[in-house]
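Everything below concerns the one structure shown next.
What you see is a predicted model, and the numbers here were worked out from it, not measured in a lab.
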Amino acid sequence: MYKYILFSFLACIIISDAKPAATDISRKNDETGYKYYSGVGWVHHYIIPLQWDEARLQCFYEGGELMSPVNAQMKKVMSEIGGNGTIWTGVHATYAKGNYFSISGVPLSAMPLTWAQDEPDNENNNEKCMIMLPGYELDQRTQNCYKFHVNAQTWDVAFMICAAEGAHLAVIDSPGEQQVLRDLFDRYPPSAIREADHTTHIHLGFSDWLNHKVWMTINGKNIDDLIKDKITAWEANEPNYVYDHFGSMTRQGTLNDSPSHIKMAFICEFENNQI
């Protein structure tokens, strides 16, 4: 019984093309977490963060194949399971850069895919794997992907939305990243942002740690250290600590503190080393 496997961010799906008996379906669903998709096969969702090469090997060791959207049915299953999150596919160009095939050798031209504008572009002749990451754009300056959310939310809801997408609320913690986020913010005028209390600021991934005036990023870096390294900077007269314990950024790229109930746009960030 052959298996196909699909890895998504923090997830894996195993698929077999053999049609099971009803008793097999019941046993698999109850005991091992497999779900059978008619016309596709068995699907098992794993919580496993892996890079593409590791995902391919894991599938191979399990007797399967990293799944690719080689037909409409597989594409539908992958989209349903991935939702708004991130999905590694088995589509790759490891044999010849710019020439994409599935693990089983199906050419990209034969797959029922709709690409984003100007994709696939094999940026800098260095893109060999395909990932389904709706709404995210790769910035070459940081080599990370970013998504601007125009529907304003409070800081905690923005945090949860980014996490649900397999990303995190954007953080300025590397040289040049302040300009990257500022450039992305500039692309969205106030009229493009919905239901916001403020359109001059966006939520970022840092906060006043336990309200003790220690500002930390959500990945554990001290804002004071980042300022000393000239990676980022506060807006004039900030932070002011007037019920403001959550991080935001102005359109000029400087940091600000904001209260928890304020709804603003936000940016989610997906780092290369997250998978």
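- At a threshold of 4.5 Å between non-hydrogen side-chain atoms, the residues N71 and P69 do not count as touching.
- Closest of all the heavy-atom pairs between I231 and Q178 is O-OE1, 3.6 Å.
- Taken to the nearest 0.5 Å, the OG1 atom of T154 stands 12.5 Å off from the CZ atom of F159.
- Using a 4.5 Å cut-off between side-chain heavy atoms of Ile, Leu, Val, Met, Phe, Trp and Tyr, with links allowed through other members, M249 and F148 fall into the same hydrophobic cluster.
- For I267 against C162, the heavy-atom pair with the smallest separation is O-SG, 4.2 Å.
- Taken to the nearest 0.5 Å, the OG atom of S260 stands 9.5 Å off from the NE2 atom of H203.
- Within a 6.0 Å radius of CG in D186, more than 12 heavy atoms belonging to other residues, nucleotides or ligands are found.
- When all heavy atoms are compared, the tightest approach of A233 to I227 is CA-CG1, 4.2 Å.
- Remark: Q179 CD is packed, more than 12 non-hydrogen atoms of other residues, nucleotides or ligands lying under 6.0 Å away.
- Contact annotation: the side chain of D208 never approaches that of D257 to less than 4.5 Å [non-hydrogen atoms, C-beta and beyond].
- No side-chain heavy atom of P259 sits less than 4.5 Å from a side-chain heavy atom of F246.
- Among T254, V180, L204, the single residue meeting the side chain to side chain contact (heavy atoms under 4.5 Å, CB included) criterion with I172 is L204.
- Note on I262 and F206: separate hydrophobic clusters, where clusters join Ile, Leu, Val, Met, Phe, Trp and Tyr whose side-chain heavy atoms are under 4.5 Å apart, directly or indirectly.
- Counting heavy atoms from C-beta outward, N219 and K221 have side chains that approach closer than 4.5 Å.
- Looking at every heavy atom in both residues, Y136 comes nearest to C268 through OH-CB, 3.2 Å.
- Between the side chains of E271 and N144, no donor-acceptor pair is found at a separation under 3.5 Å.
- Considering only heavy atoms from C-beta on, M264 stays 4.5 Å or farther from H149 through its side chain.
- Separation of atoms CD (E177) and OH (Y146) is listed at 3.5 Å; rounding is to 0.5 Å.
- The minimum heavy-atom distance linking A167 with E269 is given by the pair CB-O, 3.1 Å.
- Considering all non-hydrogen atoms of both residues, A158 and Q153 come closest at N-CB, 4.0 Å.
- F185 is connected to L181 through a chain of hydrophobic side-chain contacts under 4.5 Å among Ile, Leu, Val, Met, Phe, Trp and Tyr, so both are in one cluster.
- We find the CG-OG1 distance between L226 and T232 to be 7.0 Å, quoted to the nearest 0.5 Å.
- Under the 4.5 Å side-chain heavy-atom criterion for ILVMFWY residues, no single connected hydrophobic cluster contains both M216 and V171.
- Counting only heavy atoms from C-beta outward, the side chains of E238 and S248 never approach each other to under 4.5 Å.
- The structure places CG of D173 at 12.0 Å from CG of D225, a figure rounded to the nearest 0.5 Å.
- A salt bridge links R141 with D183: the distance from a Lys NZ or Arg NE/NH1/NH2 to an Asp or Glu carboxylate oxygen falls below 4.0 Å.
- Taking CD1 of I161 as the start and NZ of K147 as the end, the distance is 9.0 Å to the nearest 0.5 Å.
- Taking hydrophobic clusters as Ile, Leu, Val, Met, Phe, Trp and Tyr residues chained together by side-chain heavy-atom distances below 4.5 Å, L255 shares a cluster with L184.
- Y188 places none of its side-chain heavy atoms less than 4.5 Å from the side chain of I202.
- Side-chain contact between L169 and F266 is present, with heavy atoms from C-beta onward closer than 4.5 Å.
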